[in-house]
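In what follows, chains are A, B, ... by sequence order, proteins preceding strands, each numbered from 1.
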Amino acid sequence: MSEIVQYLMSGLTAGAIYAVIALGYTLLYNATELVNFAQGEFVMLGSLGLFTFLSVLGWPLWAAFPAVTLVVGLLGVVLERLAIRPVKKPEPITLIIITVGASIFLRGLAMLLWGKDPHSVPGFAAAAPIRVLGAAIMPQSLWILAVVGLLMGGLHLFSKHTLTGKAMEACAIHRSGAWILGIPSDRMAQLAFAMSAALGGIGGIIISPITMAGYDMGTMLGLKGFCAAMLGGLGSHWGAVVGGLLLGVLESLGVGFFSSGIKDAIAFLLLLAILMARPSGLLGPKAVTRF
Amino acid sequence: MTGKRRLWATTAFAGAIAVASMAVSNAYHQQLLTVIGIHTLLALGLNMLMGYAGQISLGHAAFYGLGAYGTGILTTHYGWSPWAAFPLVLVAAGAVAYVIGRPTLKLSGYYLAMGTLGLGIIGHVIFREWDSMTGGASGMVGIPPLQVGGTVLSLGRSGMILVWVVVLMAFFFCDRLVDSRIGRALRALGDSQGAAAACGVDTGRLKAVIFSFSAVLTALAGFLYAHLVGFISPSSFDFLMSIRMVTMVVIGGMASIYGSLFGASVITLLPEWLHVFSDYEMMVYGLVLMLVMIFLPQGLTRGVLDALEGVKSES
Amino acid sequence: MADRTILHIDGVSKAFGGVQALYRVGFRVAKGHIQAVIGPNGAGKTTLFNVITGATCPDEGRIVLEGMEIQGRPMHELVARGIARTFQNVELFASLTVLENVLVGRHVRTRCGLVGAMVRWPWVEREERGARDAAMELLGFVGLEEVAHKMSGDLPFGWQRLVEIARALASDPRLLLLDEPAAGLNAVETAALADLIQKIRSRGITVVLVEHDMNLTMDISDRIVVLDRGRKLAEGTPREIQADEAVMEAYLGRKG
């Protein structure tokens, strides 16, 4: 019993992080129909950024958290301005190559700046685990779940109750239609890039005390976030969360009951299974653009 | 390309190989040329997918590794002859690609890219973790060299000739492929997917077929690599290798068969000439990919050639 | 009548969001006829066209081609069954020559695969020669033999449209659907097109055209279906349609 609680808890923790990354994909996809292959690198930058602000510059957490989020969000804007907007014919293959290029550029840069070895980042609160039903729960897990819960609530309010949020949804439904109605789709794309990068950065911030921060952590987390987004249905906010948590729990159970070697394979096998059986995901709309 | 021009190009290329195989006697240069040849096969394989189907794989290193580890395991652990392993690893690569390609290629380009990105990572994990078969992180040694008749083909002059004869054949056959019913359908697909479908082309299936073909060519390169070098380790088949392949295609130019040779040469020679390169390798690839795709989406060679032609026709 | 029907549209509806693009539209196309579908913008012509060619699946209703239900079938299968189409805005493959464009149209009547293309067995060479002969014959049919080896993007628009028709004919269709074939053509070209469509019919091919140009449709059509706001407004011979007050009022009258 206590074992299962333990697995569930660590699964939910990891899953919450996948969910944040997945939300980043979803937000961007909704506003621009683009899948950003550099999303994982924003996660990496969030982690390493937090390390720098906390351990090198000695900032307190309450200041470092928003500062890193802001910096990573700005990087998202820079990426959009410099690498995405100048593209004349935005076909998927072109955008994929560009964002992949951005991804490994950022990774190479991070390797130069922070070195090849991972850095450890202190937890957000006391390190003593809390005992619940015989399972040891790290305070960091509670922090992560709380942050993700707040983010979800905030995003929900943003997209349903603010003009900008509604405009963004409109862009997602019909781009040129939204443009005709006077919604500046360029600015929307930029905002979506900023928010999606910031979400990735937050994912990196909250995960860093658990996994350490290293220049090469991004690809795997990016892939898992995408898998979570697909699982829930690319384009659906709640789908991203459900997909993330589901992936996290499945992974953690897989590691618990089989072996830790298959952990990374689970996400990939799930991704393939979804692509084959139901590309629109569990909660997504039925129609997925063929072609 | 018409039959006559194809014949000329092939003959000229064969002549160049013959001359080079006699003229180059320095062991280092022979090795370098061998690697360029193998990389050309990789670039050509991926270019058939990227240039003609307009799709991208971010995990082609997995097929490269499948070819290398497949034959490595069969020949060292099970005592197979390389020539018996040869068809098996190629078919395996084609089959894996088809299974992944068939469902994902019906969807927009992002899905194959993500699917193959995952495949590449899993492939690398398997090569690294499956100690009993692959030798784990330290790799596999003692893969036997290829033999034809009584001649051993190893790294050096004979290996170099072997690789380049294979490259020559690959060019020849790919060129024929492009100029055929399948090739026309592929090029049509690149121009307008809707119109190709309206002409009766089963676009999803065709893309899966060309993806398989591309995987087979890549596995062939892996097969040659394993038997020529005799030693393989997971680091040769990681994510960065997949990115190297994409960069070769982007430099050589999309849908340009002979451009593959150029792209492969640049990516092979750059680290040889610039020893500090390895620290900056990722940043340089990243910049090249971004800049070329923003400014010359047809690829570097094609872009430059088109620009020159534009200047010529204007003057 | 039933045995002479090649295409039966039976109660077809299609909605996009809240817009009812087609509502229970039904009519028959007789073998060997030239049938026109007309209507003002937004009448549902293009949707009807897409539903017949398999580009979209209808919400309800059947589409029967020679006794077989075909709604929701993939496009390439429909082409193999004998439906060919052209596009309103002409969609040639710009990186292919004119001849190669027509050869792509031959795709479903040839079968050389990946291996065959590389090895070039004798049967592949024969098939390729046969396809080239057929394609050249069709280019001759539309009068463009001389430009066979030009890049298709370099041709004037009117010629591109003819190449597209040749490409559609290359699949040996029994039913040819033309989407506004006269759009963008001048009067001389339109008259030549009318001749060409009649020549196509005399090859035994049934033609369905969606058209704006009233002169063309009235001149060459055997029957006309009029759509308005997703519904069938009228159906009959050109003369009946011209005499139909509802049509005159709703369509021609409104247009001025």
A:M220/B:I121 under side chain to side chain contact (heavy atoms under 4.5 Å, CB included): CA gap, chis, key distance, verdict: CA-CA 8 Å; A:M220 203 66 205; B:I121 291 175; 3.4 Å; yes
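- Of all non-hydrogen atoms in B:M293 and A:I97, the two that sit nearest each other are CG-CG2, 3.3 Å.
- Chain A forms more heavy-atom pairs under 4.5 Å with one residue of B:L240, B:L287, B:V284, B:T247 than with any other, namely B:L287.
- A distance of 5.5 Å separates OG of A:S103 from CZ of B:F239, quoted to the nearest 0.5 Å.
- For A:L34, the parts sitting under 4.5 Å from any heavy atom of chain B are the backbone and the side chain alike.
- Of the atoms belonging to B:V250, it is side-chain heavy atoms, and not backbone ones, that fall under 4.5 Å from chain A.
- Around the CZ atom of B:R102, the shell of radius 6.0 Å holds more than 12 heavy atoms that belong to other residues, nucleotides or ligands.
- Rounding to the nearest 0.5 angstrom, the gap separating the CG atom in B:L291 from the CZ atom in A:F105 is 9.5 Å.
- To the nearest 0.5 Å, atom CD1 of residue B:I56 and atom CG of residue A:L95 are 11.0 Å apart.
- Nearest approach of A:P86 to B:I294, heavy atoms of both residues: CB-CG2, 3.7 Å.
- The structure places CD1 of A:I84 at 9.5 Å from CE of B:M290, a figure rounded to the nearest 0.5 Å.
- Within the 4.5 angstrom heavy-atom criterion, atoms from both the backbone and the side chain of B:M50 approach chain A.
- Within 6.0 Å of atom OH in B:Y280, 12 or fewer heavy atoms from other residues, nucleotides or ligands are found, so the atom counts as exposed in its surroundings.
- The candidate from A:L112, A:T99, A:V87 with the greatest count of non-hydrogen atom pairs under 4.5 Å with chain B is A:L112.
- Minimum interatomic distance between B:A113 and A:I96 (heavy atoms only, all atoms of both residues): CB-CD1, 3.8 Å.
- Contact annotation for A:L271: only side-chain heavy atoms (C-beta onward) come within less than 4.5 Å of a heavy atom of chain B.
- Contact annotation for B:L58: only side-chain heavy atoms (C-beta onward) come within less than 4.5 Å of a heavy atom of chain A.
- Interface residue A:L109: backbone and side-chain heavy atoms are both found under 4.5 Å from chain B.
- Heavy-atom pairs under 4.5 Å with chain B peak, among A:L269, A:L82, A:I93, at A:I93.
- Interface residue B:I122: only side-chain heavy atoms are found under 4.5 Å from chain A.
- Atom CZ of A:R187 sits in a sparse spot, with 12 or fewer heavy atoms from other residues, nucleotides or ligands closer than 6.0 Å.
- Rounding to the nearest 0.5 Å places OH of B:Y110 at 10.0 Å from CZ of A:F226.
- With chain A as partner, the option from B:E281, B:Q55, B:M283, B:M254 having the largest number of non-hydrogen pairs under 4.5 angstrom is B:M283.
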